[in-house]
Structures are given as structure tokens and as C-alpha cells.
Amino acid sequence: MEQVSRDPDLFYVAPREAPPARRPPALSVGVLGWLRENLFSSRTNSILTIITTVFIVWAGGSFLTWALRDAEWSVITTNLRLMMVGQYDPPQIWRVSLVALVTLFLCGMSVALAVGVSRSVLITLAVVVIAMLIVPVGAAQLPPPPLRYLVTLGLENGPMLFTGEAGQKITVAIEPLDDNTAASAEHTGYIENTAGLQNSRNAWNDIRAQVDAGTLDLSQYDLAFTIALVDAQGDVLAQANSTPEARADSLEATLPANGWYAVLTTLPEGSTAAGAAFVRMDGIYTFTTDLEAVATRTDRYGPIPASLCPARADCRQVAERDLRFEGARSLATYLGTQVGPFLEAIVLPVIIGIVTALAGAGLGVFARRSPDLRKRLLRWLLIAWVVTLIGSWFILRGFEGSSLLPVVPTSVWGGLLLTMVLTIVSIILSFPLGVLLALGRTSNLPILSAVCTIFIEVIRGVPFITILFFAKLIVPFFISATADIDQAIRMMVGMTIFTGAYLAEVVRGGLQIVPKGQIEASKALGLNPIQQTNLIVLPQALRAVIPAIMNQFVALFKDTSLVAIVGLFELLGIIDFIVNGQQQFRGLTREAYLFVGIIYFIISYAMSLASQWVERTGAGTANRL
Amino acid sequence: MAAEKDTNARLGDVIIECDQVNKWFGDFHVLKDISVKVREREVVVVIGPSGSGKSTLIRCINRLEEHQEGKIAVDGVELTNDTKNINAIRREVGMVFQSFNLFPHLTVMDNITLAQRHVRRRPRREAEEVAMQLLERVGIPEQARKYPGQLSGGQQQRVAIARALAMNPKIMLFDEPTSALDPEMIKEVLDVMRELAYSGMTMMVVTHEMGFAREVADRVIFMDSGRIVEIGTPEHFFSNPNHERTKLFLSQILKH
Ligand SMILES: Nc1ncnc2c1ncn2[C@@H]1O[C@H](COP(=O)(O)OP(=O)(O)OP(=O)(O)O)[C@@H](O)[C@H]1O
Ligand SMILES: [Mg+2]
């Protein structure tokens, strides 16, 4: 062959062998490189980075300071039952637990069958469980913070009841407020805050205000009183006095047995002496007053002794409900007084829940090993879900005249239970309604299409709250046989038609994006119109609008709070009821709303994860073509 | 080659009969007095300029479009508004589209078994066996578990052919099956179609692949502006067309 010398810039022939594939060049150049590239790549970027960081540190810092030091989470611990199930008959709560456990079991199995259970999930759960077990135990080792009540004229001076263990050392000291500077001193620890007009905290605030205003002079201390530590029989174990001369006496005692004790304060009869003093108790553990805690307390220490507390309502106790923490607290105190009791209150149900879900997941993981078993379990699971969803309603609601499952009317359901029931029922009903409305609106039959269009537009044109009012007033007319239908059912009807109308539009959008060719292909294969819709059009249309559908469901979940208009107290309503209706929780709005906010977030986020999963599954690749 | 094709004995009875078919889209007269008969095992290629009504004609044969005048009978059943007739005919007639129209939410396997199970009422196992045989026939058995979006265009079109064949149709309609494909893929689809033709399937093919028409077709139909201009054997049609319009058309496309 003749060799022509060609200009190499114009002509090229590749060598016979293709070069081997190489790995891409390494991109990351360490932490600093990453920082420079991503956070400080330009002057604007650097400024934005600094401003954002400052803001995050500032906002996060003040939030954490509040949450870990100042916040009073006892409002949550004390009201946990109300928040979870509302006024559901306490002896019947096992029904709610049963439903919740079965649901968790099925959830665990579904997740395991669908996506499997990764090791990191198991580790996370294990860490959560261990932390929940350790923190309360550790917190119990910490010395409890001091606890004070005020002695002054005009203040209720009943006994202060508490429980103690054999061998427990306690100290009760008198802290006279005999100096105007003492009024502004910070007292770190609990202060008695029993519901009622006058309590130590209010009285102390009054004193401080008067001192500040100059109308009270604390150095005029004339108070003389006795404090005595007594046991359940009223026998005095130790005693201390305060007189204008020797003011700061204290007593120490080692408790002889498990049981109830009290500190009695006695002012001389007819005393008109002025002054104020704190009685400070150290080494005493506070308790919560929810039903279960009271039951275990009674088991251990016996009932509240009648001799100490003739009229039960008068008794002041070291119950968290009746105390308020004042002053700055350390993280240890915070863990001991706030996190510990909360975890103690939830640890058992949470662990049972996790174990149940894991049991379901275990079955699912096991079944994944064989495709045949998996298929069989899937079919079983589907049936189990249907049975559970329908059965739960009857288990929760009960039957007329049944002794095992007496009726618990929905009017007393509340809290998270009601929120979930309303949401789930409305989701289950509104989804098919929405699909049918969408199909109806797009159908060729003019009357059907017109009816659906009018329905959708009317419902969408009216505020949600109006629909709920409408449902409340109108539903009984349609079902005349039983004129008093549950308010909850009426609300579900309202929520279902409202969400259904919105879903219909979402689904219609989905129907429009299915190409005509899909219907032509299914026609050409001989599928009838119903099969075309069910097998070809709907699966594609619905998958395309999963995010929008889920959006609607999350909105529905959060909008359940509007059922307050018929006097139902779901999660948000019950918080309102607690922080505004119960005097001793006044002012704890932030804590309560933050807590429900977290619950709402967890559930909404779980819904969003579920929808992302459906989108990601193999079959969810509808938009690939 | 001629001997192989032009044996009257190879062809059976008339299976598609169009008689004076007319169709309008609104005021637009898209099919004008179309009369044509197709016999069993015959391969008819329809060619013509864009907009001449080729797609409309073959879409009338399985009633994806409705004709307004005239008569179309397939396998002795006349196409009317009677849904029973339409369903009966659609079961006998498979169709392959230019844009494949596979069901993107179903795997290749499910694409092919869906109609078998819901229309032919075959049990799943049997349907899957049929599907696997067909996938082997079109040369992509290893793609059964994939989704259409994961396949190349040529592979998708072959799945579409397998999907249509799974219903055991007596007639296959092809509407420009290779027009959306790259040259390398055109060949793999045409190979499948050629094999199908030689196996004795009755086929009506709209295509611009003149090589395919020349080699495989028993007859070629040339359409223009909604009417049939000329029908003939490929030899006659390509080497010695009668009508001026045909000559013009051929001279234009053969220039390339
Ligand atoms: N649904 C419809 N409504 C109105 N006009 C239509 C419709 N479908 C096709 N047409 C018109 O009918 C004529 C014939 O269309 P057809 O698709 O049958 O042509 P074709 O021969 O297949 O062309 P091509 O080679 O471009 O596919 C065209 O002018 C087209 O614009
Ligand atoms: Mg066409």
C-alpha cells in the first residue's frame, strides 16, 4: 500500500485495540477541599455560608437551651394518655393497644416484604431501645432536685405528701425570706404549684412584686412555725422550728420503711406574724399522676393515708402535676426530672411496639427467601390488612350489650387515636371516590360527566370547614333510620367527600398524561373498556400522580384538627384542652405544641417515605418511556 | 424468489375484504372508495406519501377508526357498531405501532401475558410459556423480566410483535413498525417480520422499507390522497408502474 504522508490535524485512524476503560479521576480532595469547593467557592457563597451558619447556631442554640433547660415537659408526661386516646374508657384502652399492635405487626411485615429490613434499621432500633432503658435507670441514680413550698400567712399550709423507701435519707430545711435581697435570689428546683388560686409559686411571685414595689419589707420577720416529718400513721419522726430568733433550723431523717410520709407545717394558733419562709425538701422523688403510675404507686406504698389527708382534694403532694421547676437546671437534672419520667412512661409500650413490628418484619424477611412463600404471605397480608382495618373499627367502637367489648362512643375518642382513625378511614374511602369521580368526569356519558363535574367543582369551591358543618347537619337526613349518627362518622363523611373531590382532579391530571397509544394498544389486544381502565390507564395515571395524592393525604391528616367544631378532641384539640383548660398547665403551650408538632411530623414523614417507595418500586417506572 | 411467492396455491381464501370504504375526519375525506381484498397468508405492503391515509386504512380494519360508508369484513365478520363483532375481530387481528405502545408499567413478560390472561383467559403458567416461546422467536428471551423503558427501540418493537402474536392472531397489521428506529435496529425488526411472513401469517404492512416490500410482499398497494392509486406485485410495481402518480412517487423515493 502506498504510504501518503497526511496532515495529522485533519486525518486520524484509531489504533486497532481500544484502550482499556479507566476509573474516573478522584474528585474529593479532603475535607478542606470539599469546604472550599462547596461552601466558600465565591465571595457571595462565603457570605451566605457565614450568615446561614450564624443563624443556625443562634436559632438552634436558643432553641436547645430552652428545650433542655427551661421547658417543662411534665405537661407531656402527665397527659400522655389524654394525648394518645383522649377520654377513651381507661379500662378499655387495651382495645386500642391491641389494634395498634396488630397494625404495627402488619406494618413490619409489609415493609419487610416490600423492601426488606436493613442492618442499619435494626441497629437504630436497638440503640433507641437501649437508650430508652438506660436513661431512666441512670436518671433514677441522680439526686432529685430540691423541692420547696412557701410558708406565710394566708397560704394553705396542709401536709405535703410524698413516698419514700426504707433507708432513704431526706433533709427538710427552713429557708427564711428575711432579707429583701432574698426575694430576688434564684431558687433552683421545684416549687409547689398546686392548681387553685393560691399556691407557693403565686404567693412567691406576689412577694417579689411587692418587694420590688417597695410595699413589703422582708426584714420584718416575725414568723414562728414548726415543721414535722410524720409517717403514714401520723407519728412524728423528726421536727424543726423557725422562730424570729433562730430562723433556719432543719431536720434530717432516714426513712424506716417503704410508704407514705408527709411534712406537716404548724403555725401557732391565731398567729398574725408577718414574714415568709421556704421549706426546702431534699432527697425526695416526685411522681406522676397518670393512672398507671398511680396503680404501681399504690402497689408499692399503699393508698394515700387517710390520717394525713382526710379530704383527699386538699392534699398537697410531690406530684409533677403540682410542681413547677424554677431556675436554671443542669443537663443532668434535666435528664433526671424531664426525660427520665417521660421515657419511663413510654418505654414499655414503645418496646412492645418495636418488638411486635420486628416480629412481623422477621416473618417477612423469612418469607423473602422463597418466592413461593413470599407470594403466599403477600396474599395473606392483603387479607390481613382488610380484616384488620375493618375489624379495628368494631373493636374500638364495641358492640351494644357486649360485656367483653362494650360500646365506647366515638364522642370520647380523642388524641392521636381519633386523628389516626379519622385519617385512615377518610383516606381509604376518599381514594376510590376520587378515582370514580375522575373517571366519571372524563367519561363520554354527558349526564354522568356533568354530575361529577358539578360535584367536584362545588366541593372544591367551598372551604373545608363549611363542608364539615354541612356534614354535621346534613348527613343525618340521608340516613334517617338512625337520627343520631356519631359525630365522628359525620366528620369522616365530610372529610371523605372533600378529599375525594380534590383527589378527583389530581387523578384526572394523571389520566390526561396517559398517551392515546396506550389505549389503542389495549384495544387492539382486545381488552374491554373496563380492563383498559383498570389494567392500563389507571395504574399509569395513578403512579404519575402519587406525590400529589400523598400531598392530599398529608393535608387531610393535618386537617383532622378541624373536627373540633363538633366537640371532638383529636391530637391538636386535646392539647388546646390541656394547656388552656387545666390551670396548672397554663403557660406550657410551647412544650405541648412542640410535642404534637413532632408527632405530626413523624407521621407525615412516614407517609412521604411510603409514597417515595411506591414511586421507586420497579413498577413505578411509568415515566421512563 | 418469484417462484417462492407467487404461487396461488400458497394463498387461501379472502380474509380481509374492503368494499367501497369511505371515511371522513370532520369534513376531510380521508378514505375514498377503498376496495381491496386480502387473502390468507398473503403479505400486503401499503405505501404512499405522508397523509395519504395508509394508517387510517389499516386502523379501520381493527376498528381503531370507524368508517362511515362501505363495508369491511374480517374473517367473514362484518365490522359494525356491534361491540361483539368488534371484540371478535380484535381477537383475530394483531397490531404493531410505529411508537411501540408497550405498557411501560408492566414487565416485558407481563406485557405479553396480560391480554392472553384477561382476554383469552389462559392460566398464568400457560401464558408465560407462550410468552417465552415468542420471546425466543423474536430473539430476546433474556429480557423477560425487564421493563420496556430498559430496552432499545428495536427490542421494544420486537416485544410489541411478540405481544400481538401471543393472542394467536390470524392477521397482523403493521403501521410503520421501523420508522422510529435507528438503522441497526431496523434490520432486527425486519428480520422478525420476514420470518413471520414466511411462516404463513397474513400481514398488512405500512412501511417505507422498499427493500422489504420488494422481497417479502405478495402485493403492493400504493395510496395517494385517500384513494388507492395502484395495486400490483412488487416486480411489476417497482419496475414497471402504470400510473403517473406512482412513477412520480417512486422516482422521488428511489432518488435517495
Ligand atoms: N384523528 C384525526 N382527526 C383528523 N384528521 C386526521 C386524524 N387522523 C389522521 N388525520 C388526517 O388524515 C390524513 C391521513 O392520515 P394518515 O395518518 O392515515 O396518513 P398516513 O398515510 O398514515 O401518513 P404518514 O405516512 O404520515 O403516517 C392526514 O391528512 C391526517 O392529517
Ligand atoms: Mg401513518
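Letters A, B, ... are given to chains in the order of the sequence lines, protein chains preceding strands, and every chain is numbered from 1.
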Show the nearest heavy-atom pair for residues [X] and [Y], with the distance to one decimal.
X: G526(A); Y: R90(B); result: CA-CB, 4.1 Å
X: H118(B); Y: L527(A); result: CB-CD2, 4.2 Å
X: L525(A); Y: R163(B); result: CD1-CD, 3.7 Å
X: A524(A); Y: F97(B); result: CB-CZ, 4.2 Å
X: V119(B); Y: Q531(A); result: CG2-OE1, 4.2 Å

Separation between CD1 (I536(A)) and CG (N111(B)), nearest 0.5 Å, reads 7.5 Å

Report the distance from atom NZ of K516(A) to atom CG of N101(B), rounding to the nearest 0.5 Å.
11.0 Å

If you count heavy atoms of other groups shown closer than 6.0 angstrom to [atom1] of [X], is the number above 12?
X: Y605(A); atom1: OH; answer: no
X: E184(B); atom1: CD; answer: no
X: L445(A); atom1: CG; answer: yes

Please classify the contact between E520(A) and chain B as side chain, backbone, both or neither, with a heavy-atom cut-off of under 4.5 Å.
both

Check whether any side-chain heavy atom of F103(B) lies under 4.5 Å from a side-chain heavy atom of S522(A), and answer yes or no.
yes

